[in-house]
Number of protein chains: 2
Amino acid sequence: MPYLEDIMKKIEHEEIVSSRNCVMIHAMDILGGKWRLPILWKLYQNKTMRYNELKRSLVGITNIMLTRSLQSLEENGLVNRVELNQIPPKVEYSLTENCIELVPALETIYNWGRDRMIGQSE
Amino acid sequence: MPYLEDIMKKIEHEEIVSSRNCVMIHAMDILGGKWRLPILWKLYQNKTMRYNELKRSLVGITNIMLTRSLQSLEENGLVNRVELNQIPPKVEYSLTENCIELVPALETIYNWGRDRMIGQSE
DNA sequence: CGGAATCCGCTGAGATACTG
DNA sequence: CAGTATCTCAGCGGATTCCG
(Lines give C-alpha, C1' and ligand atoms only; values in the text may rest on other atoms or scores of the structure.)
Protein backbone atom coordinates (compact mmCIF):
# COMPACT_ATOMS: atom_id res chain seq x y z
CA MET A 1 0.00 0.00 0.00
CA PRO A 2 1.43 3.40 -0.97
CA TYR A 3 2.01 5.92 1.77
CA LEU A 4 1.56 9.66 1.32
CA GLU A 5 5.31 10.01 1.04
CA ASP A 6 5.46 7.63 -1.91
CA ILE A 7 2.62 9.38 -3.64
CA MET A 8 4.37 12.73 -3.23
CA LYS A 9 7.58 11.30 -4.64
CA LYS A 10 5.78 9.95 -7.65
CA ILE A 11 4.09 13.26 -8.36
CA GLU A 12 7.40 15.03 -8.04
CA HIS A 13 8.99 12.59 -10.46
CA GLU A 14 6.20 13.07 -12.96
CA GLU A 15 6.67 16.82 -12.86
CA ILE A 16 10.37 16.55 -13.51
CA VAL A 17 9.77 14.19 -16.41
CA SER A 18 7.15 16.45 -17.95
CA SER A 19 9.03 19.68 -17.58
CA ARG A 20 12.23 18.53 -19.25
CA ASN A 21 13.00 17.78 -22.82
CA CYS A 22 14.05 14.26 -21.94
CA VAL A 23 10.65 12.94 -22.92
CA MET A 24 11.17 13.80 -26.57
CA ILE A 25 14.75 12.57 -26.48
CA HIS A 26 13.61 9.31 -24.98
CA ALA A 27 10.94 8.95 -27.63
CA MET A 28 13.44 9.56 -30.42
CA ASP A 29 15.84 7.04 -28.95
CA ILE A 30 13.20 4.43 -29.57
CA LEU A 31 11.57 5.74 -32.74
CA GLY A 32 14.59 7.30 -34.40
CA GLY A 33 16.68 5.55 -36.99
CA LYS A 34 16.12 5.08 -40.65
CA TRP A 35 13.86 2.03 -40.68
CA ARG A 36 11.85 2.00 -37.46
CA LEU A 37 8.91 4.16 -38.50
CA PRO A 38 8.71 2.57 -41.96
CA ILE A 39 8.49 -0.86 -40.28
CA LEU A 40 5.82 0.27 -37.84
CA TRP A 41 3.93 1.83 -40.72
CA LYS A 42 3.94 -1.36 -42.77
CA LEU A 43 2.85 -3.42 -39.78
CA TYR A 44 0.05 -0.97 -39.13
CA GLN A 45 -1.17 -1.25 -42.69
CA ASN A 46 -0.95 -5.03 -42.95
CA LYS A 47 -1.76 -6.09 -39.37
CA THR A 48 0.65 -9.02 -39.24
CA MET A 49 3.57 -9.77 -41.53
CA ARG A 50 6.29 -12.36 -41.88
CA TYR A 51 9.96 -11.55 -41.99
CA ASN A 52 10.49 -11.85 -45.72
CA GLU A 53 7.18 -10.22 -46.41
CA LEU A 54 8.38 -7.17 -44.50
CA LYS A 55 11.70 -7.31 -46.27
CA ARG A 56 10.14 -7.31 -49.72
CA SER A 57 7.84 -4.44 -48.86
CA LEU A 58 10.61 -2.27 -47.43
CA VAL A 59 12.51 -1.57 -50.61
CA GLY A 60 16.22 -1.28 -49.96
CA ILE A 61 16.42 -2.71 -46.46
CA THR A 62 19.03 -5.38 -45.71
CA ASN A 63 18.72 -8.41 -43.47
CA ILE A 64 20.87 -6.86 -40.81
CA MET A 65 18.90 -3.68 -40.61
CA LEU A 66 15.56 -5.44 -40.59
CA THR A 67 16.71 -7.84 -37.88
CA ARG A 68 18.23 -5.11 -35.72
CA SER A 69 15.27 -2.80 -36.09
CA LEU A 70 12.78 -5.53 -35.25
CA GLN A 71 14.81 -6.58 -32.22
CA SER A 72 14.97 -3.03 -30.94
CA LEU A 73 11.26 -2.49 -31.49
CA GLU A 74 10.50 -5.78 -29.76
CA GLU A 75 12.70 -4.92 -26.77
CA ASN A 76 10.86 -1.65 -26.39
CA GLY A 77 7.51 -3.33 -26.50
CA LEU A 78 6.31 -1.92 -29.78
CA VAL A 79 6.26 -5.11 -31.81
CA ASN A 80 5.11 -8.65 -31.11
CA ARG A 81 7.21 -11.51 -32.41
CA VAL A 82 5.48 -14.87 -32.69
CA GLU A 83 7.61 -17.82 -33.73
CA LEU A 84 5.64 -20.75 -35.06
CA ASN A 85 7.45 -24.04 -34.61
CA GLN A 86 7.06 -25.67 -37.94
CA ILE A 87 8.99 -26.48 -41.06
CA PRO A 88 9.66 -24.27 -42.87
CA PRO A 89 10.04 -21.75 -40.02
CA LYS A 90 7.44 -19.03 -39.81
CA VAL A 91 7.67 -15.87 -37.75
CA GLU A 92 4.95 -13.30 -37.55
CA TYR A 93 5.33 -9.68 -36.50
CA SER A 94 2.61 -7.30 -35.43
CA LEU A 95 2.12 -4.09 -33.46
CA THR A 96 1.53 -4.26 -29.73
CA GLU A 97 -1.24 -2.46 -27.89
CA ASN A 98 1.36 -0.07 -26.54
CA CYS A 99 2.16 0.94 -30.09
CA ILE A 100 -1.41 1.51 -31.22
CA GLU A 101 -1.34 4.72 -29.22
CA LEU A 102 1.31 5.96 -31.64
CA VAL A 103 -0.66 5.32 -34.81
CA PRO A 104 -2.14 8.84 -35.05
CA ALA A 105 1.38 10.22 -34.98
CA LEU A 106 2.45 7.83 -37.74
CA GLU A 107 -0.48 8.93 -39.87
CA THR A 108 0.25 12.61 -39.34
CA ILE A 109 3.92 12.18 -40.16
CA TYR A 110 3.15 10.09 -43.21
CA ASN A 111 0.69 12.59 -44.63
CA TRP A 112 3.07 15.43 -43.93
CA GLY A 113 5.97 13.65 -45.61
CA ARG A 114 3.81 12.64 -48.56
CA ASP A 115 2.52 16.15 -49.21
CA ARG A 116 6.00 17.52 -49.07
CA MET A 117 7.49 14.91 -51.39
CA ILE A 118 4.77 15.39 -53.96
CA GLY A 119 5.02 19.14 -53.62
CA GLN A 120 8.73 19.11 -54.32
CA SER A 121 8.29 17.50 -57.72
CA GLU A 122 6.41 20.44 -59.15
CA MET B 1 -1.42 24.90 -69.07
CA PRO B 2 -0.98 21.23 -68.19
CA TYR B 3 -1.68 18.66 -70.84
CA LEU B 4 -3.29 15.31 -70.15
CA GLU B 5 0.13 13.71 -70.40
CA ASP B 6 1.53 15.89 -67.63
CA ILE B 7 -1.43 15.20 -65.40
CA MET B 8 -1.00 11.47 -65.92
CA LYS B 9 2.68 11.71 -65.07
CA LYS B 10 1.94 13.56 -61.88
CA ILE B 11 -0.65 11.03 -60.79
CA GLU B 12 1.77 8.22 -61.54
CA HIS B 13 4.45 9.93 -59.51
CA GLU B 14 2.09 10.41 -56.60
CA GLU B 15 1.21 6.72 -56.63
CA ILE B 16 4.84 5.68 -56.57
CA VAL B 17 5.57 8.04 -53.71
CA SER B 18 2.60 6.83 -51.71
CA SER B 19 3.18 3.14 -52.26
CA ARG B 20 6.80 3.07 -51.17
CA ASN B 21 8.34 3.42 -47.80
CA CYS B 22 10.39 6.38 -48.96
CA VAL B 23 7.85 8.76 -47.47
CA MET B 24 8.62 7.67 -43.92
CA ILE B 25 12.35 7.57 -44.61
CA HIS B 26 12.18 11.07 -46.01
CA ALA B 27 10.28 12.25 -42.95
CA MET B 28 12.82 10.71 -40.60
CA ASP B 29 15.68 12.29 -42.52
CA ILE B 30 14.23 15.63 -41.54
CA LEU B 31 12.78 14.88 -38.12
CA GLY B 32 15.29 12.31 -36.91
CA GLY B 33 18.22 13.15 -34.72
CA LYS B 34 18.43 13.70 -31.03
CA TRP B 35 17.45 17.37 -30.76
CA ARG B 36 15.10 18.17 -33.62
CA LEU B 37 11.80 17.15 -32.07
CA PRO B 38 12.72 18.61 -28.67
CA ILE B 39 13.43 21.93 -30.39
CA LEU B 40 10.17 21.88 -32.34
CA TRP B 41 8.35 20.99 -29.14
CA LYS B 42 9.80 23.93 -27.22
CA LEU B 43 9.02 26.32 -30.07
CA TYR B 44 5.49 25.02 -30.20
CA GLN B 45 5.02 25.60 -26.48
CA ASN B 46 6.58 29.07 -26.38
CA LYS B 47 5.61 30.42 -29.82
CA THR B 48 8.84 32.34 -30.42
CA MET B 49 12.16 31.96 -28.67
CA ARG B 50 15.63 33.43 -28.84
CA TYR B 51 18.77 31.42 -29.31
CA ASN B 52 19.96 31.41 -25.71
CA GLU B 53 16.44 31.00 -24.45
CA LEU B 54 16.20 27.79 -26.43
CA LYS B 55 19.60 26.73 -25.21
CA ARG B 56 18.71 27.17 -21.57
CA SER B 57 15.47 25.30 -21.94
CA LEU B 58 17.06 22.33 -23.73
CA VAL B 59 19.09 20.95 -20.87
CA GLY B 60 22.31 19.40 -22.11
CA ILE B 61 22.43 20.79 -25.65
CA THR B 62 25.63 22.41 -26.89
CA ASN B 63 26.02 25.43 -29.13
CA ILE B 64 27.06 23.28 -32.05
CA MET B 65 24.11 20.98 -31.84
CA LEU B 66 21.62 23.79 -31.39
CA THR B 67 23.04 25.72 -34.32
CA ARG B 68 23.16 22.70 -36.60
CA SER B 69 19.69 21.52 -35.69
CA LEU B 70 18.20 24.96 -36.20
CA GLN B 71 19.94 25.31 -39.57
CA SER B 72 18.65 21.98 -40.73
CA LEU B 73 15.13 22.75 -39.58
CA GLU B 74 15.27 26.13 -41.26
CA GLU B 75 16.53 24.65 -44.54
CA ASN B 76 13.65 22.23 -44.52
CA GLY B 77 11.14 24.97 -43.93
CA LEU B 78 10.07 23.97 -40.44
CA VAL B 79 11.45 26.92 -38.54
CA ASN B 80 11.50 30.67 -39.16
CA ARG B 81 14.63 32.58 -38.32
CA VAL B 82 14.27 36.32 -37.87
CA GLU B 83 17.40 38.32 -37.30
CA LEU B 84 16.84 41.72 -35.77
CA ASN B 85 19.57 44.16 -36.62
CA GLN B 86 20.32 45.74 -33.33
CA ILE B 87 22.89 45.74 -30.59
CA PRO B 88 23.05 43.39 -28.85
CA PRO B 89 22.04 40.98 -31.62
CA LYS B 90 18.65 39.38 -31.32
CA VAL B 91 17.43 36.37 -33.27
CA GLU B 92 14.00 34.91 -32.93
CA TYR B 93 12.94 31.42 -33.90
CA SER B 94 9.43 30.14 -34.44
CA LEU B 95 7.56 27.36 -36.21
CA THR B 96 6.45 27.82 -39.81
CA GLU B 97 2.98 27.14 -41.13
CA ASN B 98 4.35 24.03 -42.79
CA CYS B 99 5.31 22.73 -39.38
CA ILE B 100 2.00 23.41 -37.69
CA GLU B 101 0.63 20.42 -39.57
CA LEU B 102 3.05 18.28 -37.57
CA VAL B 103 1.95 19.47 -34.15
CA PRO B 104 -0.60 16.69 -33.58
CA ALA B 105 2.18 14.17 -34.16
CA LEU B 106 4.43 15.96 -31.69
CA GLU B 107 1.69 15.88 -29.08
CA THR B 108 0.99 12.20 -29.62
CA ILE B 109 4.66 11.29 -29.41
CA TYR B 110 5.17 13.45 -26.34
CA ASN B 111 2.25 11.91 -24.48
CA TRP B 112 3.36 8.43 -25.46
CA GLY B 113 6.92 9.03 -24.31
CA ARG B 114 5.74 10.66 -21.11
CA ASP B 115 3.43 7.80 -20.15
CA ARG B 116 6.15 5.32 -20.82
CA MET B 117 8.81 7.17 -18.81
CA ILE B 118 6.53 7.58 -15.84
CA GLY B 119 5.39 3.99 -16.11
CA GLN B 120 8.94 2.66 -16.04
CA SER B 121 9.66 4.21 -12.65
CA GLU B 122 7.09 2.05 -10.84
C1' DC C 1 12.60 -19.31 -44.18
C1' DG C 2 14.39 -16.30 -41.02
C1' DG C 3 17.83 -14.98 -39.53
C1' DA C 4 23.35 -14.34 -37.21
C1' DA C 5 28.49 -13.08 -37.62
C1' DT C 6 31.92 -10.19 -39.12
C1' DC C 7 33.79 -6.19 -40.82
C1' DC C 8 33.77 -1.32 -42.13
C1' DG C 9 32.84 3.68 -43.61
C1' DC C 10 30.45 7.70 -42.70
C1' DT C 11 28.36 11.01 -40.11
C1' DG C 12 25.71 12.46 -36.05
C1' DA C 13 26.92 14.08 -31.70
C1' DG C 14 29.85 16.36 -28.65
C1' DA C 15 34.07 18.89 -26.25
C1' DT C 16 36.65 22.88 -26.50
C1' DA C 17 37.95 27.26 -27.83
C1' DC C 18 37.17 31.44 -30.26
C1' DT C 19 34.37 35.69 -32.58
C1' DG C 20 31.50 39.87 -34.73
C1' DC D 1 24.05 37.65 -27.73
C1' DA D 2 24.35 34.42 -31.10
C1' DG D 3 26.83 32.01 -33.00
C1' DT D 4 31.78 29.49 -35.75
C1' DA D 5 35.95 26.62 -36.17
C1' DT D 6 38.30 22.43 -35.28
C1' DC D 7 38.80 18.09 -33.71
C1' DT D 8 37.34 13.68 -31.91
C1' DC D 9 34.76 9.52 -31.49
C1' DA D 10 31.02 6.16 -30.93
C1' DG D 11 27.72 3.93 -33.18
C1' DC D 12 24.30 3.80 -36.96
C1' DG D 13 23.70 1.92 -41.17
C1' DG D 14 25.38 -1.21 -44.60
C1' DA D 15 27.91 -5.11 -47.56
C1' DT D 16 28.99 -9.61 -47.48
C1' DT D 17 28.97 -14.19 -46.02
C1' DC D 18 27.21 -18.02 -43.60
C1' DC D 19 23.72 -20.99 -40.73
C1' DG D 20 19.73 -24.17 -38.41
Side-chain angles (χ1 to χ4, degrees), chain A residues 20-22 24-43 46 48-76 78-94, chain B residues 20-22 24-43 46 48-76 78-94:
Chain A
R20 290 177 170 252
N21 48 296
C22 56
M24 279 300 195
I25 292 183
H26 176 245
M28 289 311 286
D29 276 348
I30 296 168
L31 301 176
K34 186 170 174 179
W35 297 104
R36 307 227 180 117
L37 287 201
I39 289 173
L40 295 181
W41 185 243
K42 287 293 175 188
L43 287 178
N46 300 326
T48 124
M49 298 178 80
R50 302 178 60 175
Y51 183 89
N52 277 329
E53 201 177 349
L54 264 171
K55 193 184 169 191
R56 273 189 301 273
S57 85
L58 294 164
V59 184
I61 199 171
T62 61
N63 276 328
I64 274 276
M65 291 315 296
L66 180 53
T67 300
R68 279 185 202 164
S69 304
L70 284 170
Q71 278 172 356
S72 161
L73 291 172
E74 194 196 352
E75 282 168 14
N76 288 301
L78 294 178
V79 161
N80 288 315
R81 194 190 114 109
V82 177
E83 194 169 336
L84 304 172
N85 278 329
Q86 61 184 55
I87 295 173
K90 184 170 175 179
V91 183
E92 289 187 339
Y93 294 93
S94 58
Chain B
R20 290 178 171 248
N21 47 295
C22 55
M24 279 300 195
I25 292 183
H26 177 244
M28 288 312 286
D29 276 347
I30 296 168
L31 302 176
K34 185 170 175 180
W35 297 104
R36 306 223 182 121
L37 288 201
I39 289 173
L40 295 181
W41 185 242
K42 287 292 175 188
L43 288 178
N46 300 328
T48 122
M49 299 178 78
R50 302 179 60 174
Y51 182 89
N52 277 328
E53 202 177 348
L54 265 170
K55 192 184 170 191
R56 275 189 301 274
S57 84
L58 295 164
V59 184
I61 199 171
T62 60
N63 276 327
I64 275 274
M65 290 316 296
L66 181 52
T67 300
R68 279 186 203 163
S69 304
L70 284 171
Q71 277 172 356
S72 161
L73 291 171
E74 194 196 351
E75 281 168 14
N76 288 300
L78 294 178
V79 160
N80 287 316
R81 193 191 114 108
V82 177
E83 192 169 344
L84 305 172
N85 278 327
Q86 61 183 55
I87 295 172
K90 185 169 174 180
V91 183
E92 290 187 339
Y93 294 93
S94 57

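A note on names: the letters A, B, ... follow the listed sequences, proteins ahead of strands, and every chain is numbered from 1. In what follows, every heavy atom counts, from backbone to side chain, and hydrogens, waters and symmetry copies are set aside.
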Check whether any side-chain nitrogen or oxygen of [X] sits under 4.0 Å from OP1 or OP2 of [N], and answer yes or no.
X: B/R50; N: D/dA2; value: yes
X: B/K34; N: C/dG14; value: yes
X: A/Y93; N: C/dG3; value: yes
X: B/Q71; N: D/dG3; value: no

(message) Please find the pair of heavy atoms, one from B/S57 and one from A/N21, that lie closest to each other, and give the distance.
(response) O-OD1, 3.7 Å
(request) Scan for salt bridge (Lys or Arg N to Asp or Glu O under 4.0 Å) pairs involving residues 80-91 of chain B, sequence neighbours excluded, and state none if there are none. (result) B/R81-B/E83
(message) Tell me which pairs pass salt bridge (Lys or Arg N to Asp or Glu O under 4.0 Å) where either residue lies in residues 64-73 of chain A, with sequence neighbours left out.
(response) none
Output the single nucleotide from [options] whose closest atom is nearest the side chain of [X].
X: A/Y51; options: D/dG3, D/dA2, C/dG3; result: C/dG3
X: B/M65; options: C/dG3, C/dA13, D/dG3; result: C/dA13
X: A/R81; options: C/dG2, D/dG14, D/dC1; result: C/dG2

(message) Output one letter per nucleotide in nucleotides 15-20 of chain D: B when a protein non-hydrogen atom lies under 4.0 Å from the base, S when only the sugar-phosphate is that close, - when neither is.
(response) BB---B
(request) Take A/T67 and A/P88, find for each the nucleotide of DNA chain C with the closest heavy atom, and name the residue whose nucleotide sits nearer the 5' end. (result) A/P88
(request) Enter the inter-axis angle for the ends of the helix from C/dC1-D/dG20 to C/dG20-D/dC1 (five pairs per end, rounded to 10°). (result) 60°
(request) Have a look at A/R36 and say if it touches a base, only the backbone sugar-phosphate, or nothing, with a 4.0 Å heavy-atom cut-off. (result) nothing
(message) Using the side chain to side chain contact (heavy atoms under 4.5 Å, CB included) criterion, which residues pair with B/K34? Sequence neighbours excluded.
(response) A/I25
(request) With sequence neighbours left out, write down each residue that passes side chain to side chain donor-acceptor pair (under 3.5 Å) with A/S94, or none if nothing qualifies. (result) none
